[in-house]
Chemist: 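Take this structure first; my questions come after.
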Amino acid sequence: MTTNSQFMVQAQNVHKSFGAHEVLKGITLNVAHGEVMCLVGPSGSGKSTFLRCINHLEVVNGGRLLVDGELIGYRDGGEKLFELKASEAALQRRDIGMVFQKFNLFPHLTALENVVEAPIRVKKLSRSEAIVRGKELLARVGLETKFDAYPAHLSGGQQQRVAIARALAMDPKLMLFDEPTSALDPELVGEVLDVMRELAKSGMTMIVVTHEMGFAREVADSLVFMDNGVVVESGKPAEVLLNPQHDRTKAFLSKVL
C-alpha cells in the first residue's frame with residue numbers, strides 16, 4: 001500500500017504477538033487529520049496493544065504503521081524493514097501524545113513541574129517559555145489553581161487532566177488515549193471527558209480506547225469494534241451503536257449499552 005499523508009494514521013495489516021499468543025491479527029484502518037476515532041471492545045481484544053504499537057512502545061511483528069505519512073519504528077529497506085535505533089524512535093514519539101489509564105505523574109514534582117519537564121529536556125525550551133506554556137495548558141484543562149500541587153494532593157480526575165496537559169506540552173500532532181477514565185471514580189469521569197471534548201473541538205486528531213459509549217456516540221467521528229485481535233465492525237458511531245451488523249458486535253453492545 002502506498003503512503004497517503006491525507007491520513008494522520010495508517011495501519012496496514014498490523015500483526016503483533018507476545019510469544020505464541022497473537023494479539024493483533026492483521027489490523028487495517030485509516031484515521032484522517034482531525035478525526036476522533038474510538039476503539040471499543042471486550043478486554044483482551046487488542047485495543048491497548050494496537051495503541052501502543054502506534055507510537056512504537058510495542059514492536060509490530062508484521063505490517064506497517066504510518067503517522068502523517070511517516071513509517072513508525074522502522075525504515076524501509078525495500079524488501080525488508082529495519083527497526084530504528086531507540087533514539088530515532090524516540091524522536092518520532094515526540095509528535096505523538098499518549099495518556100494512559102494510570103496517570104504516571106512524577107510524584108515528587110508539582111503539577112506544573114510535571115508539565116514542563118519534557119519540553120525543557122526534550123524540546124530544549126527555556127524554562128521561562130516552558131512555564132508560560134505549562135500554565136496555559138493547566139488552565140486549559142481547568143487546573144489554574146493547582147500549579148503548585150503535588151499529585152498526592154490531587155484527585156484522580158485532576159491527575160489525569162495534568163497527564164493530558166503534559167502530553168499536550170509537546171505539541172503533538174496525534175493524541176492517543178488508553179482508557180483514560182477507567183481508573184477514576186465515576187463522579188470524576190465527566191471532568192476528564194469534558195477536556196477531551198474540548199480537544200476534539202479544537203481539531204486534534206485522537207484515537208481513544210474507551211468503554212464510555214456516550215462519549216463515543218457524542219464526540220467520535222468513527223467507531224471501531226475490535227474483538228480477538230481483529231476489526232469486526234467500523235463506521236459512524238450512531239450506525240454501529242444503533243444498528244450493528246455483526247452478531248459479535250450486537251452481543252457486546254447488549255452488555256454495555
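Below, all heavy atoms of this structure are taken into account, side chains as well, without hydrogens, waters or symmetry copies. This one's a predicted model, so the numbers in the text were calculated from it and none came from an experiment.
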Chemist: Can you see which heavy atom on P244 is nearest to which on T249, and at what distance?
Modeler: CB-CG2, 3.8 Å

Chemist: Kindly write out the residues that satisfy side chain to side chain donor-acceptor pair (under 3.5 Å) with K123, not counting sequence neighbours, or none if the list is empty.
Modeler: none

Chemist: So do N228 and R248 actually touch side chain to side chain, heavy atoms under 4.5 Å?
Modeler: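 They are not in contact (no side-chain heavy atoms under 4.5 Å apart), so the answer is no.
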
Chemist: I'd like to know if the side chain of E79 reaches the main chain of G77, judged simply by a donor and an acceptor atom lying under 3.5 Å from each other, with no hydrogens or angles considered.
Modeler: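 Not confirmed, E79 side chain does not pair with G77 backbone.
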
Chemist: What is the distance from atom CE of M98 to atom CE of M170, rounded to the nearest 0.5 Å?
Modeler: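 That separation rounds to 15.5 Å.
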
Chemist: Under a single-linkage definition using a 4.5 Å side-chain heavy-atom cutoff for Ile, Leu, Val, Met, Phe, Trp and Tyr, are L125 and L137 assigned to the same hydrophobic cluster?
Modeler: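 Looking at the clustering, L137 is in a separate group from L125.
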
Chemist: The test is side-chain contact (heavy atoms from CB on, under 4.5 Å); show your working for E58 and V23 and say whether it passes.
Modeler: CA-CA 12 Å; E58 298 289 355; V23 178; over 6 Å; no

Chemist: Would you mind reporting whether L57 and R93 have side-chain heavy atoms less than 4.5 Å apart?
Modeler: yes

Chemist: How far apart are the closest heavy atoms of L81 and G63, and which atoms are they?
Modeler: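 So the two residues come closest at CD1-O, 4.1 Å.
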
Chemist: Would I120 and I131 show up in the same hydrophobic cluster when neighbours are defined by side-chain heavy atoms closer than 4.5 Å?
Modeler: yes

Chemist: Is there a side-chain contact between F177 and T210, using heavy atoms and a 4.5 Å cut-off?
Modeler: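 No; the side chains remain at least 4.5 Å from each other.
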
Chemist: Could you verify whether a donor N or O on one side chain and an acceptor N or O on the other, from T181 and Q160, lie under 3.5 Å apart?
Modeler: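 Per modelled atom types, T181 and Q160 side chains form no pair under 3.5 Å.
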
Chemist: So, taking the atom named CD1 in I27 and the one named CG in L29, what distance separates them when rounded to the nearest 0.5 Å?
Modeler: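 So the CD1 of I27 and the CG of L29 are separated by 7.0 Å.
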
Chemist: Is there a donor-acceptor pair closer than 3.5 Å between any side-chain N or O of D95 and the backbone N or O of K173?
Modeler: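 Answer holds: no.
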
Chemist: Is there a donor-acceptor pair closer than 3.5 Å between any side-chain N or O of Q101 and the backbone N or O of A183?
Modeler: no

Chemist: Mind listing the closest non-hydrogen atom pair of V99 and P180 along with its distance?
Modeler: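 For V99 versus P180, the nearest heavy atoms are CG1-CB, 4.3 Å.
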
Chemist: Got a second to check how far Q245's CD is from S234's OG, nearest 0.5 Å?
Modeler: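 Between Q245 CD and S234 OG, I get 11.5 Å after rounding to 0.5 Å.
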
Chemist: Is it true that F100 and L176 fall in one hydrophobic cluster, defined by side-chain heavy atoms closer than 4.5 Å?
Modeler: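 Yes, because F100 and L176 connect within a single hydrophobic cluster, where side-chain heavy atoms sit under 4.5 Å apart.
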
Chemist: Please check if the side chain of Q92 supplies one atom and the backbone of L71 the other of a donor-acceptor pair under 3.5 Å.
Modeler: yes

Chemist: Within this structure, what is the CG-CE distance for the pair L223 and M37, rounded to the nearest 0.5 Å?
Modeler: 9.0 Å

Chemist: How about H246: does its NE2 atom have over 12 heavy atoms from other parts shown lying under 6.0 Å from it?
Modeler: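 More than 12 within 6.0 Å, yes.
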
Chemist: Between the main-chain N or O of G46 and the side-chain N or O of T49, is there a donor-acceptor pair closer than 3.5 Å?
Modeler: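 Not at all, since once roles are kept as given, no pair shorter than 3.5 Å links the two residues.
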
Chemist: Atom SG of C53 and atom CD1 of I72: how far apart are they, to the nearest 0.5 Å?
Modeler: 11.5 Å

Chemist: Quick one: which residue pairs count as a ring-ring contact (aromatic ring centres under 6.0 Å, His included) with a foot in residues 204-234, not counting sequence neighbours?
Modeler: F225-F252

Chemist: Return the minimal non-hydrogen interatomic distance between Q159 and P151, and the atom names on each side.
Modeler: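 Q159 and P151 have their closest heavy atoms at NE2-O, 3.4 Å.
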
Chemist: Counting C-beta onward and ignoring hydrogens, is there a side-chain heavy-atom pair between R52 and I54 closer than 4.5 Å?
Modeler: no

Chemist: Run the side-chain donor-acceptor check on residues 187-208: report pairs under 3.5 Å with partners two or more places apart or on a different chain.
Modeler:
{"from": "E191", "atom 1": "OE2", "to": "Q158", "atom 2": "N", "distance (Å)": "3.4"}
{"from": "E191", "atom 1": "OE2", "to": "R161", "atom 2": "NE", "distance (Å)": "3.4"}
{"from": "E191", "atom 1": "OE2", "to": "R161", "atom 2": "NH2", "distance (Å)": "3.0"}
{"from": "D194", "atom 1": "OD1", "to": "R197", "atom 2": "NH1", "distance (Å)": "2.7"}
{"from": "R197", "atom 1": "NE", "to": "E218", "atom 2": "OE1", "distance (Å)": "3.0"}
{"from": "R197", "atom 1": "NE", "to": "E218", "atom 2": "OE2", "distance (Å)": "3.0"}
{"from": "R197", "atom 1": "NH2", "to": "E218", "atom 2": "OE1", "distance (Å)": "3.2"}
{"from": "S202", "atom 1": "OG", "to": "R140", "atom 2": "NH2", "distance (Å)": "3.4"}
{"from": "S202", "atom 1": "OG", "to": "L199", "atom 2": "O", "distance (Å)": "2.6"}
{"from": "T205", "atom 1": "OG1", "to": "G34", "atom 2": "N", "distance (Å)": "2.7"}

Chemist: Check for a donor-acceptor pair, side chain of Y74 on one end and backbone N or O of V60 on the other, with a separation under 3.5 Å.
Modeler: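 Yes, the answer is positive, given that a donor and an acceptor are paired below the 3.5 Å cut-off.
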
Chemist: L24, V230: one ILVMFWY side-chain cluster at the under-4.5 Å cut-off?
Modeler: no

Chemist: Got a salt bridge between R133 and E129, using NZ or NE/NH1/NH2 to carboxylate O under 4.0 Å?
Modeler: no

Chemist: For L65 versus V14, what's the shortest heavy-atom pair and its separation?
Modeler: CG-CG2, 3.7 Å

Chemist: For the backbone of V40 and the side chain of K47, can you confirm whether one donor and one acceptor N or O come within less than 3.5 Å of each other?
Modeler: no

Chemist: List in chain and number order the residues that pass salt bridge (charged side-chain N to carboxylate O under 4.0 Å, His left out) with D221, two or more places apart in sequence or in another chain; answer none if no residue qualifies.
Modeler: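 D221: no salt bridge (charged side-chain N to carboxylate O under 4.0 Å, His left out) contacts found.
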
Chemist: Taking atom SG of C38 and atom CE of M213, what is their separation to the nearest 0.5 Å?
Modeler: 9.0 Å

Chemist: Are any non-hydrogen side-chain atoms of V115 and V162 less than 4.5 angstrom apart?
Modeler: yes

Chemist: I'd like to know whether NZ of K135 has more than 12 heavy-atom contacts from other residues, nucleotides or ligands below 6.0 angstrom.
Modeler: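 Count not over threshold, so no.
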
Chemist: Is any side-chain heavy atom of V9 closer than 4.5 Å to a side-chain heavy atom of N30?
Modeler: no

Chemist: Is there side-chain contact between L66 and Q12, with heavy atoms separated by less than 4.5 Å?
Modeler: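 Yes, side chains in contact.
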
Chemist: Where is the tightest heavy-atom contact between G134 and V116, given as atom of each residue plus distance?
Modeler: CA-CG1, 4.3 Å

Chemist: Does anything in residues 14-40 form a ring-ring contact (aromatic ring centres under 6.0 Å, His included)? List the pairs, not counting sequence neighbours.
Modeler: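 The answer is none; no pair qualifies.
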
Chemist: Applying side chain to side chain donor-acceptor pair (under 3.5 Å), can you list everything that pairs with S17, at least two apart in sequence or on another chain?
Modeler: none

Chemist: Hey, are the side chains of F50 and V209 touching, using non-hydrogen atoms and a 4.5 Å cut-off?
Modeler: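 Heavy-atom side-chain distance check fails, nothing below 4.5 Å.
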
Chemist: Applying a strict under-4.5 Å side-chain criterion to I, L, V, M, F, W and Y, I'd like to know whether L168 and V67 cluster together.
Modeler: no

